[in-house]
2 protein chains.
Amino acid sequence: MTSEALARALNTNPVVVRRLMGGLREHGYVHSEKGHGGGWTLSCQLDRVTLRDIYEALDAPRLFAIGNRSEKTECLVEEAVNDAMSGVLADVTAQLLARFGQITLAALHAAFHQRLAACHAPATLCK
Amino acid sequence: MTSEALARALNTNPVVVRRLMGGLREHGYVHSEKGHGGGWTLSCQLDRVTLRDIYEALDAPRLFAIGNRSEKTECLVEEAVNDAMSGVLADVTAQLLARFGQITLAALHAAFHQRLAACHAPATLCK
DNA sequence: GTCTCATGTAACTTCATGTGTTGCTAGAGT
DNA sequence: ACTCTAGCAACACATGAAGTTACATGAGAC
């Protein structure tokens, strides 16, 4: 599938698709082919890749909207608060990633097909 | 203490301080006094207010940097992914808030004084 | 009463970040 | 050659948080 086609399906831009897919390619989840007839092909088993893998392949972008303002501080109050919060955030992050690590693409694929069957729609890419 | 003084201590602006403190005032955690000699005073027991209370008083701003792009979608793939993710996010949010609910301001106050004693510095507001 | 000092608030500006866009290069098939 | 594709850098735009300005209101001091 071409970046162009994916972009249409995702309501975005081919370049954005390439940016994202680049991370996946580096980890061997997809393969890309240049030139005429080129594009993206899947190169992994769907049951062996999880949301966590995807997240990490995408360079582990920030998960939380909250967090320390600065890594270092002179302020002992800020330091105490940062300490208390970052402990919690670290634990929660670990749990989130563990949960994501249990959601395989195969599971999502199945969930999609279940929805598809339920609404009697033809199987096309959305949009 | 005046917004002005707090702003200096926090390296920010008095108006920003007022915006934040406004939420705390509505919940009765602090009291404000206008005019000459006015400013902010604490009006709660530090051991009865938690980080979670503060978070909610601040109008519960977004916790996560990730999440659904849109609440509603026609796309069955997006729908399946949203479903899988929002379950996890809801659980993790609940845990995070529960943890915050166990961190009292009194505990932070104690942690601060411990640090203070450890570094032999005089007890002033940072900066 | 009026002067000064404080909060309250709206409107605006600035900044950071993520997303989208353009323009160009390089590779691969026709 | 020509066309179709990814790769990439550079720029433009959108969004939301943070900071700023300006002014109104209330409360004590004189």
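To find a chain, count down the sequence lines: A is the first, B the second, and so on, and within it residues start at 1.
The side chain to side chain donor-acceptor pair (under 3.5 Å) contacts involving residues 56-69 of chain B comprise B:R52-B:E56, where partners must be two or more places apart or lie in separate chains. For residues 14-40 of chain B, no residue pair satisfies the salt bridge (Lys or Arg N to Asp or Glu O under 4.0 Å) rule, not counting sequence neighbours. Sequence neighbours left out, the pairs with a member in residues 90-114 of chain B that pass salt bridge (Lys or Arg N to Asp or Glu O under 4.0 Å) are A:D91-B:R99, A:R99-B:D91.
Residues from residues 59-68 of chain B placing a heavy atom under 4.0 Å of any atom in DNA chain C do not occur.
The side chain of A:S32 places no N or O atom within less than 4.0 Å of a non-bridging phosphate oxygen (OP1 or OP2) of D:dA6. Applying the 4.0 Å criterion to OP1 and OP2 of D:dG19, one finds that B:T12 has a side-chain N or O inside that range. Residue A:T2 places no side-chain N or O under 4.0 Å from the OP1 or OP2 atom of D:dT5.
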Which nucleotides of nucleotides 25-30 of chain D have their base under 4.0 Å from a protein heavy atom (B), which only their sugar-phosphate (S), and which neither (-), written as one string 5' to 3'?
BBB---
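Atom pair B:R69:CZ and D:dT15:C1' shows a separation of 13 Å (rounding to whole Å applied). Atom pair A:L10:CG and C:dG18:P shows a separation of 19 Å (rounding to whole Å applied). Look at CG on A:L24: it is 14 Å from P on D:dA6, rounded to the nearest Å. Between A:H31 atom NE2 and C:dG27 atom C1' there is a gap of 12 Å when expressed in whole angstrom units. Taking atom CE of residue B:M21 and atom P of nucleotide C:dT7, one finds them 9 Å apart after rounding to whole Å. C:dC15 atom P lies 14 Å from atom CG of B:N13, rounded to whole Å. Whole-Å rounding puts the A:R8 CZ to C:dG20 P distance at 16 Å. Taking atom CG of residue B:L6 and atom C1' of nucleotide C:dA6, one finds them 13 Å apart after rounding to whole Å.
For the atom pair CG (A:L89) and CD1 (A:I66), the distance works out to 5.0 Å, reported to the nearest 0.5 Å. Distance check, rounded to the nearest 0.5 Å: CG of A:L105 to CG of A:D47 gives 9.5 Å.
Looking at B:I54 and B:F100, their side chains never come closer than 4.5 Å, going by heavy atoms from C-beta outward.
Ring planes of B:Y29 and B:H27: parallel class, angle under 30° (limits at 30 and 60°).
Residue whose closest nucleotide on DNA chain C sits further toward the 5' end, between B:V15 and B:R18: B:R18.
For C:dG8, the base has no donor-acceptor partner in the side chain of B:R19 [N/O atoms by modelled type, under 3.5 angstrom].
Residues satisfying the side chain to side chain contact (heavy atoms under 4.5 Å, CB included) criterion with B:L42, sequence neighbours excluded, are B:V30, B:C44, B:L46.
Inspection of the B:T73 and B:E78 side chains reveals an N or O donor paired with an N or O acceptor under 3.5 Å.
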